[in-house]
Amino acid sequence: MSDHPIKTINPLTEQVLHTYAYMSDAEAADTVKASHEAFLQWRLRSLEERAEVMSAIARKLEEKKDAFAQLMTDEVGKLIGDSRSEVDLCVALCKYTAEQGPKVLADEERPSANGTGIVTHQPIGVVYGIQPWNFPAYQAVRYSIASLMAGNGVLLKHAESCTGSGLFLRDLYEEAGLPKGLFGVLLISHEQSDAIIDHDLVRAVTLTGSEKAGRTVAEKAGKALKKTMLELGSNDAYLVLDDADLELAVKTCVKGRLFNNGQTCVNAKRFIVTEKNYDAFVEAYAKQFAAIRMGDPNDAKTQLGPMVSKAQRDTLHEQVSKSVAQGARLVVGGEIPDRTGAFYPATVLADVAPGQVAYEDELFGPAAAIIKAKDDDDALRIANDSRYGLGGGIFSRDVKRARELATTYFDTGMVCINTFNVASPALPFGGVKASGYGREHGPEGLKEFVNVKSITLPAAP
């Protein structure tokens, strides 16, 4: 337990929003036990009954959308429109889960050599989620709704900067009819978190966060032989091929880089453009970035709000400065503005090359890295020349060929063709390589934390 309280700070005003005390070790253990006790009853509810609660949560999210959106914007600086859209995505996810959950998780019968085989999807117990600040509602809803639908108990350790959002969600779930204690929020330190991973009643761990955090949590959970699901950092490549619609590519890549103030794991981050289009792309892209309106995220006219904190902003600035020192060309932005708030301007780095920070590492904020490729094949080679593999994109007028490249050659978990998309409830979300493993969303996500149990019935006499 830490001696210092948790403080949430508004990144626009730099004012403290709220102070929260850390839980004692005993309080944290009691939260785990309460989730397990509630789970013992919750698992007995039918899939249809659980689905009704998921539908009620969707309705409650719609009812409280404006309040939740404002809280997120205050805590992490998201544009208010993005905060509202985030709640809409959570609603869609709950509705999808309520509709598809009973079908996906239903028992299946299969013929077996010895009679009849039954495949049943049983809950495993308490699932512990460690979640980041960039989507305070969605990150917590994404894993918890699937786990709750499957009949599990759920624990949440949210990022400290959005502590209020985690508690808001817990209260909302219970108001919608989720049994008290089933979804427990833990206000704990990293050291206390290790004890939760080790706790006998915790059966699985899911983390969305940095590559470093993923390695640490996977190692601790692995020692305890507990299943993990990891969604980690990325450096998503968007390829602009020779036959791309350049106007569409520029417009979409600008949107894809700046969405959520540039702080998204699946933001478009590396723009790999063939020689044929390179100069025109850099010029048009930089022109659009230079015109981006930075300011108060509560103002509907603002296009770029503050980053989550000054510490995150300073890290990004250091990465940009280092990349320039290593040979990248600063085209737009790159200077910390003299104003209150954790602001960083829309920044364009061109001529990004191997060995530079902007080429090798993830830039988590509104800074774009543009890389020149000789041709389409070279563009795909550069895209795959990364330790990450979460999302990515291809711009080409030949959609059939782009689909083939995406399917067969692009070493990443999700690919957008001629578009940018963050997440869809029906499509699996997750990555490969240092971007993690396991999937959320879709039927795959609903089955991530279940005991796939087989039962054999004897053949009829």
Side-chain angles (χ1 to χ4, degrees), residues 10-13 69 72-73 76-86 134-135 235-236 238 240 246-271 273 277-310 312-321 323-324 328-352 358 362-371 393 395 416 419-422:
N10 185 325
L12 171 69
T13 64
M72 288 193 281
T73 291
V76 301
K78 298 168 79 75
L79 298 181
I80 192 68
D82 285 353
S83 291
R84 291 189 188 117
S85 300
E86 180 173 337
N134 56 341
F135 289 89
N235 201 359
D236 287 3
Y238 274 65
V240 182
L246 208 55
E247 192 180 338
L248 174 72
V250 170
K251 185 177 75 176
T252 311
C253 289
V254 166
K255 177 189 163 194
R257 177 63 282 213
L258 294 180
F259 176 73
N260 202 44
N261 298 333
Q263 301 168 114
T264 305
C265 44
V266 287
N267 271 128
K269 292 179 183 137
R270 289 181 298 149
F271 303 96
V273 187
N277 294 311
Y278 185 79
D279 291 341
F281 181 91
V282 171
E283 187 183 342
Y285 192 96
K287 189 178 176 187
Q288 289 197 24
F289 252 44
I292 292 295
R293 287 188 299 275
M294 185 168 67
D296 185 342
N298 297 289
D299 184 341
K301 292 192 182 73
T302 298
Q303 295 170 296
L304 180 63
M307 291 181 64
V308 68
S309 67
K310 282 189 157 181
Q312 291 280 345
R313 190 267 311 277
D314 293 347
T315 297
L316 178 67
H317 183 59
E318 197 180 311
Q319 289 176 303
V320 167
S321 303
S323 298
V324 172
R329 172 163 57 98
L330 181 65
V331 188
V332 167
E335 285 185 24
I336 294 175
D338 182 16
R339 61 184 292 177
T340 302
F343 285 96
Y344 200 72
T347 296
V348 178
L349 293 171
D351 305 344
V352 171
E362 177 178 31
L363 303 182
F364 211 70
I370 308 179
I371 302 165
F395 287 89
C416 293
T419 186
F420 171 76
N421 180 44
V422 179

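Predicted model only: the values in this text are computed from it and were never measured. The analysis underlying the following values was restricted to heavy atoms, covering all of them including side chains, and did not include hydrogens, waters or symmetry mates.
- Checked by atom type and distance alone, the side chain of Arg257 pairs as donor or acceptor with a backbone atom of Gly262 at under 3.5 Å.
- Annotation: the span from Leu12 atom CG to Asn298 atom CG amounts to 7.0 Å, rounded to 0.5 Å.
- No donor-acceptor pair closer than 3.5 Å links the side chain of Gln288 to the backbone N or O of Val250.
- Looking only at atom types and distance, the side chain of Lys78 has no donor-acceptor partner in the side chain of Asn261 under 3.5 Å away.
- Put simply, the side chain of Tyr238 reaches to within 4.5 Å of the side chain of Asp236, judged on heavy atoms.
- With hydrogens and angles ignored, the 3.5 Å screen pairs a side-chain donor or acceptor of Asn267 with a backbone N or O of Thr264.
- Here Arg313 pairs with nothing under the salt bridge (charged side-chain N to carboxylate O under 4.0 Å, His left out) rule; sequence neighbours left out.
- Remark: side-chain polar atoms of Thr302 are not paired, donor with acceptor, to backbone N or O of Pro297 under 3.5 angstrom.
- The CD atom of Gln319 sits 5.0 Å away from the CG atom of Leu363 when rounded to the nearest 0.5 Å.
- A distance of 10.5 Å separates CD of Glu362 from CG of Leu316, quoted to the nearest 0.5 Å.
- Looking only at side-chain heavy atoms (C-beta outward), Thr347 and Leu330 come within less than 4.5 Å of each other.
- In this structure, CZ in Phe259 is found 5.0 Å from CG in Asp82, a value given to the nearest 0.5 Å.
- Side-chain polar atoms of Asp351 and Tyr278 form a donor-acceptor pair below 3.5 angstrom.
- Evaluated for a side chain to side chain contact (heavy atoms under 4.5 Å, CB included) with Val240, the options Leu248, Ile370, Val273 yield exactly one hit, Val273.
- Distance CZ/Phe343 to CG/Leu304: 8.0 Å, rounded to 0.5 Å.
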